[in-house]
Amino acid sequence: MAFKVMGVTAGRKDSNSEILLKEALMVCQEQGAEVSLINLRDYNILDCTGCTACTIGMSMGKNTGCSLKNADDKDRIMQVLLDQDAVIFSAPTYELMPSSLFLKFMHRNLAYETAFLTKIGAIQHRDRVGALIAVGGSTRSWQSMALECMQITTVTSSFKIVDMYMATMVPAPAQVLLHDEKLARAREIGSNVMKALNTQPADRKWLGEPEAGWCPNCHSNCLCLGEPQWRGLQYPIECAVCGAGGDLEKTPDGKWKFVIAANGLERDRTTEEGRGVHCDEIADTQGGFFMDPEKPKIVAQKLEKYKKITFKGLE
């Protein structure tokens, strides 16, 4: 049976993000994959309401799903997306990050969190391959969080990101067509996706640029100072994307590198085991509120003050 590979883009029709995605998908098709593509602009996607119904249910061992399941196209797309062997995501960059449409779609993924649903026995584990393409009109300095934001939103569905590419300096519609090297890099994305699919899941690894990013675990370029996590775990430095913990060390040639601690992948967000700890954290924090009848009463009483406060809006 042929591998199923899907492309998901949030870019303009017939423009840079979609063109690069099609280049990658063509390679997958040439190598025998069953390929499909959707542009999120063709679908109705509502914002997450923050109702927390999905996590409350999962923390109680139930798969309640999303409260908006029947209100838009998100669930329809997810039923197909989660049945793929690989998905390649592409999005334009706005204000350092992927477009709001891409984020709106991906921020609804919590109701489909495979780590939580596997943990409560609602679904069976499935290995998936993923790749990312970000596109922008400037250098990385004005796209500094694009790939990082895209990557963290894919971990919820257990995608093993094997490659990611940032196409820079292409602000005009379809301008990427003037750059054969960018089209070639997109084709490399497709080739690496197929290489990963033809590798046993346990042996799948990063296939992009070997030295990409600060983090040797997820290859992001985003590190932050560590702070105490749930139940006190702390590292001097953390990867802001995968959560790997460690410290900066100077190499013999005077450069700095991020070295992951012996227990630094204890809460690795790219693994279902690591994210499963977060399920326990949610159960603990939500349970600590909802299971104590006095706390909701106190909140409801204090909330009345804020309900009565109004300020002038637009006229």
Side-chain angles (χ1 to χ4, degrees), residues 86 89 96-98 106 109-110 113-116 118-119 125-134 140-141 143-166 189 192-193 195-196 199-282 284:
F89 300 89
L96 313 183
M97 296 176 287
M106 298 299 278
N109 284 354
L110 188 55
E113 167 58 272
T114 54
F116 295 9
T118 302
K119 188 179 180 72
H125 170 78
R126 178 168 179 170
D127 294 291
R128 301 179 179 88
V129 169
L132 312 172
I133 300 173
R140 184 179 179 89
S141 64
Q143 299 191 66
S144 58
M145 294 186 287
L147 289 173
E148 283 72 14
C149 288
M150 292 177 75
Q151 185 172 13
I152 192 56
T153 61
T154 65
V155 303
T156 312
S157 302
S158 297
F159 283 101
K160 169 68 176 177
I161 301 299
V162 297
D163 198 0
M164 50 189 175
Y165 170 53
M166 176 180 289
I189 289 274
N192 284 337
V193 164
K195 182 177 180 180
T199 303
Q200 290 297 316
D203 297 324
R204 289 171 181 167
K205 60 184 180 179
W206 173 254
L207 298 172
E209 297 176 17
E211 301 302 319
W214 275 94
C215 180
N217 185 47
C218 73
H219 298 275
S220 87
N221 260 316
C222 190
L223 300 179
C224 61
L225 294 175
E227 295 184 5
Q229 300 182 34
W230 180 63
R231 293 191 173 171
L233 183 67
Q234 185 173 4
Y235 307 103
I237 301 291
E238 294 177 15
C239 172
V241 177
C242 72
D247 207 347
L248 294 177
E249 294 184 8
K250 214 164 199 179
T251 61
D253 59 0
K255 297 181 180 179
W256 291 95
K257 70 175 181 177
F258 176 51
V259 178
I260 297 175
N263 69 336
L265 296 179
E266 185 176 317
R267 299 186 185 178
D268 178 7
R269 289 189 277 264
T270 68
T271 68
E272 290 192 350
E273 294 78 13
R275 298 197 312 281
V277 176
H278 186 46
C279 183
D280 295 334
E281 178 183 1
I282 291 174
D284 183 38

Notebook entry, point to check: Does the pair V162 and K195 meet the rule for a side-chain contact (heavy atoms from CB on, under 4.5 Å), with working shown?
Noted result: CA-CA 10 Å; V162 297; K195 182 177 180 180; over 6 Å; no

Check: At what distance, to the nearest 0.5 angstrom, does CD of E238 lie from CD of E227?
Finding: 8.0 Å

Next item on the list: List the atom of A131, the atom of I161, and the distance in Å for their closest heavy-atom pair.
Entry: N-CD1, 4.0 Å

Margin query: Apply side-chain contact (heavy atoms from CB on, under 4.5 Å) to residues I237 and L225 and explain how you reach the verdict.
Written below: CA-CA 5 Å; I237 301 291; L225 294 175; 3.8 Å; yes

Check: Looking only at heavy atoms, which two atoms of H219 and A212 are closest? And how far apart?
Finding: ND1-O, 2.9 Å

Check: With a cut-off of 6.0 Å (strictly less than), are more than 12 heavy atoms of other residues, nucleotides or ligands near CD of E211?
Finding: no

Check: Which pair of heavy atoms, one from I189 and one from L132, lies closest together, and at what distance?
Finding: CD1-O, 4.0 Å

Checklist line | All ring-ring contact (aromatic ring centres under 6.0 Å, His included) counterparts of F116, not counting sequence neighbours | finding: none

Item checked: Within-4.5 Å side-chain heavy-atom neighbours: M164 and W206 -> yes

Checklist line | Spatial distance of atom CD (E272) from atom OG (S157) [nearest 0.5 Å] | finding: 10.0 Å

Notebook entry, point to check: At what distance, to the nearest 0.5 angstrom, does CD1 of I152 lie from CG of N109?
Noted result: 11.0 Å

Margin query: Within this structure, what is the CG-OG1 distance for the pair L207 and T199, rounded to the nearest 0.5 Å?
Written below: 7.0 Å

Note to self: Just verifying a value: how many Å separate L96 CG and M145 CE, rounded to the nearest 0.5 Å?
What the structure shows: 4.5 Å

Checklist line | D247: salt bridge (charged side-chain N to carboxylate O under 4.0 Å, His left out) partners, not counting sequence neighbours | finding: none

Next item on the list: Identify, with sequence neighbours excluded, every residue that meets side chain to side chain contact (heavy atoms under 4.5 Å, CB included) alongside K250.
Entry: W256

Check: So, do V241 and R269 sit near enough that their side-chain heavy atoms are less than 4.5 Å apart?
Finding: no

Next item on the list: Report yes if some heavy atom in the side chain of S158 is under 4.5 Å from a heavy atom in the side chain of R275; otherwise report no.
Entry: yes

Item checked: Those residues that, when tested against W214, pass ring-ring contact (aromatic ring centres under 6.0 Å, His included) (two or more places apart) -> none

Next item on the list: Applying side-chain contact (heavy atoms from CB on, under 4.5 Å), run through D280 and K119 and close with a yes or a no.
Entry: CA-CA 10 Å; D280 295 334; K119 188 179 180 72; 3.0 Å; yes

Checklist line | Shortest non-hydrogen contact from L147 toward A134 | finding: CD2-CB, 3.8 Å

Check: Any donor-acceptor pair under 3.5 Å linking the side chain of T114 with the backbone of T156?
Finding: yes

Note to self: Using every non-hydrogen atom in the two residues, find where A115 and G276 come nearest and quote the distance to one decimal.
What the structure shows: CB-N, 4.2 Å

Check: Would you say P216 and I260 make side-chain contact, with heavy atoms under 4.5 Å?
Finding: yes

Check: Quick one: side chain to side chain contact (heavy atoms under 4.5 Å, CB included) partners of E266, sequence neighbours excluded?
Finding: L233, Y235, N263

Item checked: From NZ (K257) to CG (L248), nearest 0.5 Å -> 11.5 Å

Notebook entry, point to check: Which heavy-atom pair separates N217 from C242 by the least distance, and what is that distance?
Noted result: ND2-SG, 3.2 Å

Next item on the list: If a pair satisfies salt bridge (Lys or Arg N to Asp or Glu O under 4.0 Å) and one of its residues is in residues 146-160, list it, with sequence neighbours excluded.
Entry: R140-E148

Checklist line | Min side-chain heavy-atom separation V277-R231 under 4.5 Å | finding: no

